[in-house]
There are 2 protein chains.
Amino acid sequence: MLADGRKEFIELWGDMGAHWGVPRSMTELHALLYIVGGPMNTDEIMKQLSISRGNASMTLRTLLDWGIINRTHKLHDRKDYYTAEQDVWKLFATVARARKRRELEPLAARLKSLSLKLNGDATSEGVAHRERLESMLKFIVQFDGLSDQFLSMGGLSLDILSNLIGSGKKTLP
Amino acid sequence: MLADGRKEFIELWGDMGAHWGVPRSMTELHALLYIVGGPMNTDEIMKQLSISRGNASMTLRTLLDWGIINRTHKLHDRKDYYTAEQDVWKLFATVARARKRRELEPLAARLKSLSLKLNGDATSEGVAHRERLESMLKFIVQFDGLSDQFLSMGGLSLDILSNLIGSGKKTLP
DNA sequence: GACACATTTCACGTATTTTTAAAATTAATG
DNA sequence: CATTAATTTTAAAAATACGTGAAATGTGTC
């Protein structure tokens, strides 16, 4: 039913997900909704991707949790319909923010408490270890802060920053 | 032999790796070398992490490939010794560049060829699909370019950019 | 409030990935 | 050039993650 190019896009997106440690069906399902553009219900999705109802249900829920798809309804139809966010920047920012919250922030917190724990150790070795730990921590905190700012800049950030950093060299003639 | 805090750091780093789809022993081994700071040989590493020689060997090779540890030697000792890069920015930039090359660039290439393939389809549906595909592609290409610039800025990038973007608001008093 | 349909949960089997242990290869020393 | 030590490869075992289908739980309609 879906033309070749679209199937290939879905596969491609699935490969990408697999590479990133995200279940293949997660990114595939999202790719399907993204490329189709309009709302689809669970059965249509199951058929297109040939996945089970259970899998579809769990994956849809996770995508909803991540905030990159939405649930809608049609009149006189009890089925749930799903649509993907079409703004690529929003998509990216949502996923990035979620990852940041789930991974970077807990990491920083654990490093911080570890650093405190090492305070007691006054041996030269202990001090050296704490220093290394702290430069790691410092980096992560800085990176975290920068990504906050970056993500709150909105969709034009990429253009703006490219110009800022590259001192305008790389723009088109 | 290793104090508690260090063990915890290794575990923490291992957890992080697992989250990112990288084998746990990969990031653990790197964490060990990073926190210890000095050169270690395979046997010391095996003992500390209680992993097999085979595992240690394969993991060390991969870390060498990634360019985040180095091989050294001691006089009158045939064993190989390994040290981790201590500069956190270099560490980050190396890993990021490798990921970029291995993931972002092939992705962009595949999207590009897909977009061409869809050119033949002149139905309104086909056109809509190609448009979505192309906004995705455009984003990825832009992002790719920006990260190139970012990664070539060196260790002070984080500070500099924070000030640039945040218009100096978030610096210390 | 009971029926029909839709969704979610969960225990299970399957597949993939990671680790191990042992065999093979490579290199170094006397 | 043989012997010993170190490393890499390999194949099997263990661990983990993934998807499935059926049963259970919801939800709206008559």
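If you're wondering where the values come from, they're calculated on a predicted model, not measured in any experiment. The chains referred to below are lettered A, B, ... by the order of the sequence lines, with proteins before strands, and numbering in each begins at 1.
In terms of the side chain to side chain donor-acceptor pair (under 3.5 Å) criterion, B:Asp65 has no residue partners (sequence neighbours excluded). With sequence neighbours left out, B:Asp87 forms a salt bridge (Lys or Arg N to Asp or Glu O under 4.0 Å) with no residue at all. With sequence neighbours excluded, the residues satisfying side-chain contact (heavy atoms from CB on, under 4.5 Å) with B:Lys117 are A:Glu8. A search for salt bridge (Lys or Arg N to Asp or Glu O under 4.0 Å) contacts involving B:Glu11 returns nothing, not counting sequence neighbours. By the ring pair (Phe, Tyr, Trp, His ring centres under 6.0 Å) test, B:Trp89 is found to be paired with B:Phe92, B:Phe150, residues two or more places apart in sequence or in another chain being considered. For B:Asp15, the side chain to side chain donor-acceptor pair (under 3.5 Å) partners at least two apart in sequence or on another chain are A:Arg110, B:Arg24. Listed by chain and number, the residues in a side chain to side chain donor-acceptor pair (under 3.5 Å) with A:Ser135 are B:Tyr34 (sequence neighbours excluded). Scanning for side chain to side chain donor-acceptor pair (under 3.5 Å) contacts around A:Glu131 gives an empty result, with sequence neighbours left out.
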When you compare the protein's N or O atoms with those of nucleotides 12-19 of chain D, which come within less than 3.5 Å of each other, and at what distance?
{"unit_1": "D:dG19", "atom_1": "OP1", "unit_2": "A:Ser25", "atom_2": "OG", "d": "3.2"}
{"unit_1": "D:dG19", "atom_1": "OP2", "unit_2": "A:Ser25", "atom_2": "OG", "d": "3.3"}

Hey, what are the protein-to-nucleotides 28-30 of chain C N/O distances that come in under 3.5 Å?
{"unit_1": "C:dA28", "atom_1": "O4'", "unit_2": "B:Arg78", "atom_2": "NE", "d": "3.3"}
{"unit_1": "C:dA28", "atom_1": "O3'", "unit_2": "B:Arg78", "atom_2": "NE", "d": "3.1"}

Which protein N or O atoms sit under 3.5 Å from an N or O of nucleotides 23-25 of chain C?
none

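The stretch residues 37-45 of chain B has no heavy atom under 4.0 angstrom from DNA chain C at all.
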